[in-house]
Protein chains: 2
Amino acid sequence: MAGDKVPSVWMRPGRQGREQPALNRAQIVAAALDLLDAQGVDALSMRKLGARLQAGATSLYTHVATKSELIELVVDEVYGEVEAPRTGDPDGWRAAVARCAASMRATILRHPWIVSVLGEAGVAYLGPNMSRLSEAMLAVFEEAGLSLEAADQAVNTVVAYVVGISASEAAWLATLARSGRSEREWAERLWPSAEHAVRDHPRLRALYAARRGRDPRGDRDGAFATGLDCVLQGLTARLAGQEANRV
Amino acid sequence: MAGDKVPSVWMRPGRQGREQPALNRAQIVAAALDLLDAQGVDALSMRKLGARLQAGATSLYTHVATKSELIELVVDEVYGEVEAPRTGDPDGWRAAVARCAASMRATILRHPWIVSVLGEAGVAYLGPNMSRLSEAMLAVFEEAGLSLEAADQAVNTVVAYVVGISASEAAWLATLARSGRSEREWAERLWPSAEHAVRDHPRLRALYAARRGRDPRGDRDGAFATGLDCVLQGLTARLAGQEANRV
DNA sequence: GGAAGATTCCGCACACTGTACGGATCTCAG
DNA sequence: CTGAGATCCGTACAGTGTGCGGAATCTTCC
């Protein structure tokens with residue numbers, strides 16, 4: 001009877017004796033991030049995560065209330081990778097914002113699974129990293145001459161564009177990763193289906209046809225920058241308008 | 001591809017007696033949409049969906065290869081609610097695009113769960129409704145004077161903004177719906193947590209404080225329109241630039 | 001008629017999920 | 001030494017997507 005239950009703590013060579021707690025939040029979040037990056041969103045289960053930490057699944061619940069909470073933590077962790085803009089950038093606010101936007105896009109593309117988690121994470125606006133980022137962008141726009149309300153507007157607009165376009169790119173990348181094929185090959189395979197969908201749509205057909213031979217990676221950066229330029233252009237105009245109103 | 005069988009929606013009396021196939025794609029997709037709208041994304045399971053159609057769970061697999069495919073179909077169905085812009089709009093291309101964008105946002109807010117499914121749906125660009133929408137927007141931008149490539153750019157930019165901002169609004173609404181509380185009440189409850197997150201961020205604190213008393217619903221429409229105006233302004237500038245280059 | 005083949009429906013089973021619960025083991029304060 | 005509290009985890013439960021095999025029904029051809 002007594003030998004029935006194995007005191008598993010002893011059987012864990014690296015980890016036995018509890019001179020220190022074996023698990024902690026930061027560690028769990030980091031492992032979850034690893035797992036997500038390596039295997040995608042479907043592979044994140046409490047059991048697998050526990051295994052990766054040489055711990056039981058339910059042990060995690062000592063440090064994390066629920067899986068959703070864990071995901072929110074991971075998402076904020078990812079936001080931590082975004083390079084926030086600084087006020088007083090010698091290249092001007094536009095360059096600062098553009099750099100931040102590029103960093104944000106790169107971060108999302110580095111973690112494509114984040115798109116499928118965007119709904120779960122709900123209001124992650126309260127995480128420390130997201131807060132830091134928002135504050136920094138607000139500061140830059142204020143410095144550029146916008147009121148706080150207008151700066152908020154501007155931040156929301158820019159972030160919406162960046163997240164929107166990065167999400168569609170990331171969704172594409174994630175589908176690729178799931179299928180394990182190269183982009184060219186996959187497009188080739190997709191083509192018949194696309195062709196059908198596109199039968200009555202000459203413009204779409206022309207676009208698809210034009211893209212067939214080209215490397216699709218190359219002009220995505222350009223497309224992002226061009227669109228961002230549009231948004232910033234609009235903001236600049238608004239800024240000028242506000243100054244005009246002030247005078 | 002589309003099941004061209006006549007909708008056998010009429011009387012299904014007992015459940016047995018199969019004078020006509022009892023299930024079909026369109027019906028399943030419609031029921032899934034209903035379920036999602038009524039109960040949110042967590043409530044969509046094959047078993048529950050089957051029950052709602054008075055069918056077994058695995059029966060659905062005769063008409064739908066996989067749950068992901070079903071979701072893609074539902075997403076395209078939703079896109080079908082978006083009012084596509086028409087060329088030759090008497091109010092000009094800008095108004096046409098703005099109307100379409102507003103319709104798109106309204107559609108997303110009517111189905112907030114779509115955010116949590118945006119990752120699954122992956123490349124839904126091939127659905128008939130999404131295709132129709134893309135083609136229509138391309139046509140409008142072409143009419144405005146853009147090349148096909150530039151029009152594609154423009155469409156992507158506008159859609160990214162609209163989806164991005166609507167997604168963040170929808171995520172908020174979905175969290176609200178999950179908690180079943182009124183927006184004001186929820187914000188009240190959230191406040192302490194927000195206050196902590198915002199301790200070292202004066203601009204964020206000012207924004208939160210300013211929003212405390214106000215009705216948050218009212219200026220969201222305005223915020224959307226303002227941001228969209230920015231984007232369109234930028235596109236207009238680009239259009240002018242292109243014309244200048246041509247001359 | 002009746003037989004052969006398709007199509008549709010579904011019960012069962014399997015592997016897997018998030019997490020509630022209660023007990024085991026540890027550390028530390030008194 | 002005693003208790004309190006933190007931490008870890010085995011077990012269990014309700015629920016998931018879906019593969020499989022069989023049953024019922026419809027269609028087609030003789």
Side-chain angles (χ1 to χ4, degrees), chain A residues 1-28 31-32 35-36 39-74 116-117 120 178, chain B residues 3-9 12-28 31-32 35-36 39-74 116-117 120 178:
Chain A
M1 247 356 185
D4 212 353
K5 311 218 160 173
V6 184
S8 45
V9 194
W10 304 103
M11 313 276 310
R12 221 162 7 146
R15 202 154 298 327
Q16 89 252 38
R18 187 144 353 132
E19 62 284 343
Q20 286 212 339
L23 254 38
N24 62 40
R25 255 166 111 102
Q27 201 178 151
I28 292 176
L35 191 55
L36 283 166
Q39 328 235 158
V41 73
D42 295 335
L44 179 65
S45 78
M46 299 308 266
R47 273 173 255 258
K48 283 178 195 146
L49 184 54
R52 183 169 272 235
L53 290 162
Q54 289 162 337
T58 55
S59 306
L60 306 174
Y61 285 93
T62 311
H63 308 272
V64 150
T66 200
K67 193 187 178 185
S68 299
E69 185 187 295
L70 172 60
I71 289 182
E72 273 176 44
L73 292 173
V74 174
S116 4
V117 127
E120 303 277 337
R178 249 196 294 272
Chain B
D4 292 318
K5 324 216 164 160
V6 192
S8 67
V9 188
R12 191 140 39 105
R15 168 85 295 269
Q16 80 244 10
R18 190 156 339 143
E19 64 281 350
Q20 291 230 341
L23 255 38
N24 63 37
R25 256 166 110 101
Q27 203 178 147
I28 292 175
L35 192 54
L36 283 167
Q39 327 231 166
V41 73
D42 295 335
L44 179 65
S45 79
M46 299 308 265
R47 274 173 253 257
K48 283 180 195 144
L49 183 55
R52 183 169 272 234
L53 290 162
Q54 290 162 340
T58 57
S59 307
L60 305 174
Y61 285 92
T62 312
H63 308 272
V64 150
T66 200
K67 193 187 178 185
S68 300
E69 186 186 295
L70 172 60
I71 288 182
E72 273 176 44
L73 292 173
V74 174
S116 3
V117 127
E120 302 277 336
R178 250 197 293 272

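In what follows, every heavy atom counts, from backbone to side chain, and hydrogens, waters and symmetry copies are set aside.
The CG atom of B:Leu35 sits 6.5 Å away from the CG atom of B:Leu49 when rounded to the nearest 0.5 Å. The CE atom of B:Met46 sits 7.5 Å away from the CD1 atom of B:Ile28 when rounded to the nearest 0.5 Å. Between B:Leu23 atom CG and B:Gln54 atom CD the span is 10.5 Å, to the nearest 0.5 Å.
Distance, A:Leu49 CG to C:dT17 P: 11 Å, rounded to whole Å. Taking atom NZ of B:Lys67 as the reference point, atom P of D:dT16 lies 8 Å away to the nearest angstrom. Rounded to whole Å, atom P of D:dG17 lies 13 Å from atom CG of A:Asp42. In this entry the distance linking CG of A:Leu23 with C1' of C:dT25 reads 15 Å, nearest Å. Going from atom OH of B:Tyr61 over to atom P of D:dG21 covers 18 Å, rounded to whole Å. Rounded to a whole Å, the CD atom of B:Glu69 is 15 Å from the P atom of D:dG17. Between the C1' atom of D:dT7 and the CZ atom of A:Arg25 lies a distance of 15 Å, rounded to the nearest Å. Taking atom CE of residue A:Met46 and atom P of nucleotide D:dC8, one finds them 13 Å apart after rounding to whole Å.
Comparing B:Ala43 and A:Leu60 by the nucleotide of DNA chain D that holds the closest heavy atom to each, the one mapping nearer the 5' end is A:Leu60.
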What pairs of donor and acceptor atoms, side-chain ones from residues 55-67 of chain B against any protein atom, are under 3.5 angstrom apart with sequence neighbours left out?
residue : atom : partner : partner atom : Å
B:Ser59 : OG   : B:Gly56 : O            : 3.4
B:Thr62 : OG1  : B:Ser59 : O            : 3.1
B:Lys67 : NZ   : B:Leu44 : O            : 2.9

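Considering all non-hydrogen atoms of both residues, A:Ser116 and A:Val41 come closest at OG-CG1, 4.0 Å. What you find for B:Gln27 and B:Leu53 is that their closest heavy atoms are OE1-CD2, 4.0 Å.
When heavy atoms are screened at a 4.0 angstrom cut-off, A:Leu44 is found touching the sugar-phosphate backbone but no base atom.
Side-chain proximity of A:Thr62 to the nucleotides D:dC8, C:dC10, D:dG17 is greatest for D:dC8. Among the nucleotides C:dC9, C:dC10, C:dT17, the one closest to the side chain of A:Lys48 is C:dT17.
Between A:Ser59 and D:dC9 there is a side-chain polar atom (N or O) within less than 4.0 angstrom of OP1 or OP2. When the side-chain nitrogen and oxygen atoms of B:His63 are compared with OP1 and OP2 of C:dT7, none of them lie within a distance under 4.0 Å.
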Might you list the N or O atoms of the protein lying below 3.5 Å from N or O atoms in nucleotides 11-14 of chain C, with each pair's distance?
residue : atom : partner : partner atom : Å
C:dG11  : O6   : B:Thr58 : OG1          : 2.8

